[in-house]
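The structure appears right after this line, and notes come after that.
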Amino acid sequence: MIASPDRTPLPRTFFERPVLEVAPDLLGRLLVRTTPDGPIVVRVTEVEAYDGPNDPGSHAFRGRTARNAVMFGPPGHVYVYFTYGMWHCMNLVCGPEGEASAVLLRAGEIVEGAELARKRRLSARNDKELAKGPARLATALGVDRALDGTDACTAEDTPLRVLTGTPVPSDQVNNGPRTGVSGAGAVHPWRFWISNDPTVSPYRAHVARRRSS
DNA sequence: GGACTGATCATCT
DNA sequence: GATGATCAGTCCG
């Protein structure tokens with residue numbers, strides 16, 4: 001990996017701020033996944049904010065459980081969950097410890113290690129689709145529950161870290177309703193993405209599953 | 001391009 | 001026992 005100023009780790013104070021401040025500020029930052037085969041580096045292009053136990057759309061809404069325990073821990077750590085029986089999604093914990101706010105990383109542009117990402121994302125028809133969606137992003141990086149609780153905010157060579165990258169000016173940041181969120185949580189325009197970026201995932205409204213028999 | 005549907009299981013009620 | 005911070009394949013236009 002090339003050393004340069006934008007490759008310095010984000011300080012933990014970055015994540016200690018309110019989640020609605022952190023979320024748009026994460027756009028343009030770099031996610032580094034260290035694997036035995038080499039690093040994969042992703043530029044974050046789309047995120048969603050989840051505002052602790054007061055947010056009906058958040059996994060923390062019904063309090064602390066074994067699954068979401070990391071959300072209630074210190075900021076700058078990674079919360080990984082398994083959903084729909086086959087996918088993983090990853091978040092970065094924000095706000096003061098115990099607040100249980102987090103930012104869902106929804107999409108990104110692979111800027112380094114694309115060959116490694118392609119091997120994990122065989123269904124992708126082009127490189128823009130490698131990390132276009134939260135489960136695709138986790139798949140491309142080889143992230144699963146084994147990484148739940150990882151400190152992404154350290155200079156040490158942990159398997160997953162966030163680097164400074166290049167923040168995106170606010171006039172290039174768009175926001176709108178969160179994808180796939182149902183009920184009262186759907187009203188908040190807490191999805192943020194880089195305007196006109198081809199790696200941003202399409203919006204999908206929540207669809208209730210039909211009852212089986 | 002958009003609409004629709006099945007896959008598949010950890011987690012919570 | 002029901003559901004989900006999703007994806008990929010198929011059908012249609």
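All of these numbers come straight from a predicted model, not from anything done at the bench. We name chains A, B, ... by the order of the sequence lines, and we start the count at 1 in each one.
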*Starting at atom CD of A:Glu129, determine the distance to atom C1' of C:dG9, rounded to an integer number of angstrom.*
13 Å
*When the distance from CE of A:Met86 to C1' of C:dG4 is rounded to whole Å, what number comes out?*
11 Å
_Grouping I, L, V, M, F, W and Y whenever their side-chain heavy atoms are under 4.5 Å apart, do A:Leu160 and A:Phe14 come out in a common cluster?_
yes
_Closest-nucleotide 5' rank along DNA chain B - winner of A:Val207 and A:Phe82_ = A:Val207
*Please walk me through it: do A:Glu46 and A:Ile194 pass side chain to side chain contact (heavy atoms under 4.5 Å, CB included)?*
CA-CA 7 Å; A:Glu46 180 189 355; A:Ile194 300 176; over 6 Å; no
*Which base, if any, makes a Watson-Crick or G-U wobble pair with C:dG1, both distances under 3.5 Å?*
B:dC12
*May I have the distance from A:Arg62 (atom CZ) to C:dA5 (atom P), rounded to whole angstrom?*
10 Å
*Shared hydrophobic cluster, A:Val162 / A:Val70 (ILVMFWY, side-chain heavy atoms < 4.5 Å)*: no
_Boundaries of the chain A footprint along DNA chain B (any atom under 4.0 Å from a heavy atom)_ = B:dG6 to B:dT13
*asked:* Within the 4.0 Å heavy-atom criterion, would you say A:Arg145 contacts the bases, only the backbone, or no part of the nucleic acid?
replied: sugar-phosphate
*Between A:Tyr81 and A:Arg136, name the one whose nearest nucleotide on DNA chain C is closer to the 5' end.*
A:Tyr81
Side-chain polar contacts of residues 124-142 of chain A - donor-acceptor pairs under 3.5 angstrom, sequence neighbours left out - could you list them?
unit_1, atom_1, unit_2, atom_2, d
A:Arg125, NH2, A:Glu129, OE2, 3.2
A:Asn126, OD1, A:Lys128, N, 2.9
A:Asn126, OD1, A:Glu129, N, 3.2
A:Asp127, OD1, A:Arg118, NE, 2.9
A:Asp127, OD2, A:Arg118, NH2, 2.8
A:Glu129, OE1, A:Arg125, N, 3.1
A:Lys132, NZ, A:Pro198, O, 3.2
A:Arg136, NH1, A:Lys132, O, 2.9
A:Thr139, OG1, A:Ala135, O, 2.7

*Looking just at side-chain N and O atoms, do A:Thr158 and A:Glu156 make a donor-acceptor pair shorter than 3.5 Å?*
no
*Within the stacking criterion (centroid distance below 5.5 Å, interplanar angle below 30°), does A:Trp87 stack on C:dT6?*
no
*Taking atom C1' of C:dA8 as reference, at what distance in whole Å does atom NZ of A:Lys132 sit?*
14 Å
*asked:* C:dA5, OP1 or OP2 - any side-chain N/O from A:Thr179 closer than 4.0 Å?
replied: no
*Considering just the side-chain nitrogens and oxygens of A:Arg106, establish if one lies under 4.0 Å of OP1 or OP2 belonging to C:dT6.*
yes
*Which part of the nucleic acid, if any, lies within contact of A:Arg67, taking any heavy atom under 4.0 Å across all strands shown: a base, the sugar-phosphate backbone alone, or nothing?*
sugar-phosphate
*Indicate, with a heavy-atom threshold strictly under 4.0 Å, whether A:Gly180 touches base, sugar-phosphate, or nothing.*
sugar-phosphate
*What nucleic acid atoms does A:Tyr84 come within less than 4.0 Å of, heavy atoms only: base, sugar-phosphate, or nothing?*
base
*May I ask you to say what A:Thr65 touches in the nucleic acid, namely base, sugar-phosphate or nothing, with a heavy-atom cut-off under 4.0 Å?*
sugar-phosphate
*asked:* Check this for me, if you would: do A:Asp37 and A:Lys119 make a salt bridge, where the nitrogen-to-carboxylate-oxygen distance has to be below 4.0 angstrom?
replied: no
*asked:* Rounding to an integer number of Å, can you tell me how far A:Leu105 CG sits from C:dT6 P?
replied: 13 Å
*Just by distance, with hydrogens left out, do A:Asp197 and A:Thr199 show a side-chain donor and acceptor under 3.5 Å apart?*
yes
*What integer distance in Å separates A:Asn126:CG from C:dA8:P?*
12 Å
*Heavy atoms under 4.0 Å, any strand shown: does A:Arg121 hit a base, just sugar-phosphate, or nothing?*
sugar-phosphate
*Report the residue from A:Leu31, A:Leu105, A:Val32 that forms a side chain to side chain contact (heavy atoms under 4.5 Å, CB included) with A:Val42.*
A:Leu31
*Rounded to whole angstrom units, what separation is found between the NE2 atom of A:His88 and the C1' atom of C:dT6?*
12 Å
*asked:* Just the rounded figure in Å: distance from P of C:dG4 to CG of A:Leu104.
replied: 16 Å
